[in-house]
Participant: 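Just dropping this structure here.
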Amino acid sequence: MSTMNPTDETQGPSEDTQSESPSLTRRGLLARTGATLATGALLMHGRAAQAQSSVPGAKGPREASTAGHGYRPVVVPNGAKLPWKNVGGVKVFHLVAQEVEHEFAPGLKATCWGYNGHVHGPTIEVVEGDRVRFYVTNRLPASTTVHWHGVLLPSGMDGVGGLNQKAIAPGETYRYEFTVRQSGTCMYHSHHDEMTQMALGMVGLFIIHPRKPVGPRVDRDFAIMLHEWRIDPGTMRPDPNEMTDFNILTMNAKAFPGTEPLVVRKGERVRIRFGNLSAMDHHPIHLHGFQFRITETDGGRIPESAQLPETTVLVPTGSTRTIEFVADEPGDWAMHCHMTHHVMNQMGHGLPNMVGVTPGNLDAKVRPLLPGYMTMGQTGMGDMAGMHHMPMPANSIAMVGGKGPYDEITMGGMFTILKVRDRLEGDGDPGWYTPPSGTLAQLAHADELRRDGIDVEAR
């Protein structure tokens, strides 16, 4: 099956889908897909209702609207979305598992495994109640499957190799088909030799918009997949055997300074969806400048009375979390994992601790043997951010550092920037923010210190 052309991403459910209630009649399902699939779909409707009613404060399953509400398409910074086409009222997608040459940040590339030429795989975007059909073609040198992580569906469509299906051999194409019975942020990934295939990049986001929108309508809807890798300097493939020492931490498979900013206009309501398919680590994602509410988990929307106000959201491995806030303060705001080693690249944690060492004239003594030698790390890693001129090992990048408006930004890895502006010209990067007069931290002058009785020499 050939790759399909993208359709209008702003459209809501397909016309055929709109004409039916989400609790599809047995007759309709039998006519469309046969008795086996129909029975599975009807059973899943009951499971979805049971799952929702178990949420504290939930009012039971929502009746889906047949009005065909549109939805705000998600934005995937540095990423892509999977195109689909309407075939007899079914949304048809084609996923191709294959090797992909991927750039994590300028200067760091690796041969990964992904889907449709992307790492991570393109984001899938559907609507609650849609009938979906996925063709999965395997162009890898090994067998694979696709598991629809968090999606309620018949057992035979769950994608666990050996348990729910035969693995998809190289060169084969398998079909998955089910009716979407929920809304929220889910994921997909290989479920065959998971340690290897997920570590090489075979993961993606699965966004399900509610048929009947709940809560305030958002103006921006971002989707970010969190992941971790081991790529040693000089090597060209991630190491799937790593268990603890991950040295590349990414948002949508990009490490800072390769991450794109999230651009919004002041006053807009913003939703950010996080998925975490890292091998071992949870990620506490901290947003500067705003308080937000955690509105969804991978189990669906949280009742308003239980939504927590936070500035940091913990995204456990294998889970999704969604936050919402109003961007009411312009500026350039950091958003990053608050595990400090997760905002560094190819960390040198195997090196000796140099903090506090006084090298004296050691550099001059060593340079006749090693021209260009420089003792580093005795005051921390911040000075390394500006050392891009120094020779680097093949296929490696600096531990920290990206250009900022005032200095080098001494972060890397799982770090990006939310850019809020009073006005926008398009959705591209608006450049650096210029703070209004009197709102920029700067060097204190002697007259200010005298005025306020600050003696910097006092002990």
Side-chain angles (χ1 to χ4, degrees), residues 22 44-65 69 71-76 123-130 148-153 180-188 205-226 251 262 264 268-278 282-328 335 337-338 418:
M44 293 318 304
H45 182 60
R47 287 184 58 206
Q50 181 181 16
Q52 183 169 355
S53 64
S54 66
V55 176
K59 298 179 180 178
R62 297 189 302 273
E63 288 300 320
S65 167
H69 290 282
Y71 57 84
R72 178 72 62 189
V74 295
V75 176
V76 188
T123 294
I124 295 166
E125 194 169 21
V126 299
V127 178
E128 179 185 18
D130 280 347
W148 316 98
H149 185 111
V151 180
L152 304 176
L153 38 60
V180 179
R181 293 296 176 192
Q182 65 201 98
S183 63
T185 303
C186 299
M187 299 179 283
Y188 67 95
L205 287 164
F206 193 121
I207 309 300
I208 308 170
H209 295 280
R211 177 64 64 104
K212 185 176 181 180
V214 176
R217 182 176 176 85
V218 298
D219 301 293
R220 307 276 175 168
D221 193 340
F222 296 101
I224 296 176
M225 176 68 81
L226 309 174
M251 292 179 162
L262 284 61
V264 307
E268 289 185 325
R269 186 172 187 87
V270 179
R271 175 186 294 136
I272 307 177
R273 308 168 186 259
F274 298 102
N276 179 14
L277 285 176
S278 298
H282 309 319
H283 299 296
I285 302 299
H286 177 57
L287 174 62
H288 293 210
F290 300 96
Q291 295 175 337
F292 53 75
R293 286 185 174 268
I294 303 173
T295 58
E296 292 182 6
T297 70
D298 38 340
R301 190 164 182 88
I302 300 171
E304 186 174 356
S305 61
Q307 293 177 8
L308 295 175
E310 286 281 8
T311 64
T312 302
V313 56
L314 180 64
V315 189
T317 188
S319 300
T320 71
R321 295 291 184 269
T322 300
I323 66 172
E324 294 183 20
F325 61 96
V326 175
D328 57 0
M335 187 173 74
C337 180
H338 220 289
L418 172 70

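As the structure is a prediction and not an experimental result, all values here were calculated from the model.
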Participant: On the 0 to 90° scale, with breaks at 30° and 60°, tag the Trp148-Phe206 ring pair as parallel, tilted or perpendicular.
Facilitator: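 Rings of Trp148 and Phe206: perpendicular, over 60°.
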Participant: Closest approach of Glu125 and Arg72, non-hydrogen atoms and distance?
Facilitator: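 In this case the closest contact between Glu125 and Arg72 is OE2-O, 4.1 Å.
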Participant: Quick one: does His282's side chain have a donor or acceptor within less than 3.5 Å of a partner on Val315's backbone?
Facilitator: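 Absent.
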Participant: Out of curiosity, Ile272 CD1 to Ile323 CD1, how far, rounded to the nearest 0.5 Å?
Facilitator: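 These two atoms lie 4.5 Å from each other.
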Participant: Only counting residues at least two apart or in another chain, list the ones meeting side chain to side chain contact (heavy atoms under 4.5 Å, CB included) with His338.
Facilitator: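 With neighbours one apart ignored, the set is Pro284, His286, His336.
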Participant: Charged N to carboxylate O under 4.0 angstrom, Arg293 versus Glu324?
Facilitator: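 Not counted as a salt bridge, because no side-chain N and carboxylate O are separated by less than 4.0 Å.
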Participant: Who pairs with Glu304 by salt bridge (Lys or Arg N to Asp or Glu O under 4.0 Å), at least two apart in sequence or on another chain?
Facilitator: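 Result, salt bridge (Lys or Arg N to Asp or Glu O under 4.0 Å) vs Glu304: none returned.
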Participant: Could I get the full list of side chain to side chain contact (heavy atoms under 4.5 Å, CB included) partners for Val326, not counting sequence neighbours?
Facilitator: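 Listed in chain order: Arg269, Asp328.
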Participant: To the nearest 0.5 Å, how far apart are CD in Gln307 and CD1 in Ile302?
Facilitator: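 The distance works out to 6.5 Å.
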Participant: Counting only N and O atoms by type, is there a donor-acceptor contact under 3.5 Å from the side chain of Thr320 to the main-chain atoms of Cys186?
Facilitator: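 Absent.
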Participant: Which value, rounded to the nearest 0.5 Å, describes the distance between Met251 atom CE and Phe222 atom CZ?
Facilitator: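 Spacing of CE (Met251) from CZ (Phe222) equals 12.5 Å.
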Participant: How would you list, by chain and number, every residue that makes a side chain to side chain contact (heavy atoms under 4.5 Å, CB included) with Glu268, sequence neighbours excluded?
Facilitator: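 So Glu268 forms a side chain to side chain contact (heavy atoms under 4.5 Å, CB included) with Asp219, Arg220, Val264, Arg265.
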Participant: Does the side chain of Leu226 come within less than 4.5 Å of Ile224's, by heavy atoms?
Facilitator: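 Touching, per the 4.5 Å side-chain cut-off.
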Participant: Between Cys337 and His283, which heavy-atom pair has the shortest distance, and what is it?
Facilitator: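 Closest approach of Cys337 to His283: SG-ND1, 3.7 Å.
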Participant: To the nearest 0.5 Å, what is the distance between CZ (Arg301) and OG1 (Thr185)?
Facilitator: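 Between atom CZ of Arg301 and atom OG1 of Thr185 there are 10.5 Å.
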Participant: Apply salt bridge (Lys or Arg N to Asp or Glu O under 4.0 Å) to Asp298 and list each qualifying residue two or more places apart in sequence or on a separate chain.
Facilitator: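 With neighbours one apart ignored, the set is Arg321.
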Participant: Would you indicate whether the side-chain heavy atoms of Val76 and Leu205 approach each other to under 4.5 Å?
Facilitator: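 Of all side-chain heavy-atom pairs linking Val76 with Leu205, none is under 4.5 Å.
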Participant: Does any non-hydrogen side-chain atom of Ile207 lie less than 4.5 Å from one of Arg273?
Facilitator: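 The answer is yes; the side chains approach within 4.5 Å.
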Participant: Looking at every non-hydrogen atom in both residues, tell me the closest pair between Glu128 and Ser183 and how far apart they are.
Facilitator: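 Minimum heavy-atom separation between Glu128 and Ser183: OE1-CB, 4.2 Å.
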Participant: Please report the interatomic distance CZ(Phe292) to CG(Leu308), rounded to the nearest 0.5 Å.
Facilitator: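 That separation rounds to 10.0 Å.
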Participant: The criterion is ring-ring contact (aromatic ring centres under 6.0 Å, His included); which residues satisfy it with His209, sequence neighbours excluded?
Facilitator: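 His209 satisfies ring-ring contact (aromatic ring centres under 6.0 Å, His included) with Tyr71 once adjacent residues are dropped.
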Participant: Are side-chain heavy atoms of Val270 and Phe290 found at a separation under 4.5 Å?
Facilitator: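 In short, these two side chains do not touch, never coming nearer than 4.5 Å.
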Participant: Given side chains that start at C-beta, do those of Gln291 and Phe325 come closer than 4.5 Å, heavy atoms only?
Facilitator: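 Contact flag for Gln291/Phe325 side chains = no.
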Participant: Which atom pair, heavy atoms only, marks the closest approach of Met225 to Asn276?
Facilitator: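 Closest approach of Met225 to Asn276, heavy atoms only: SD-N, 4.2 Å.
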Participant: In the structure I gave you, are the side-chain heavy atoms of Val127 and Val180 within less than 4.5 Å of one another anywhere?
Facilitator: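 The answer is no; the side chains never approach within 4.5 Å.
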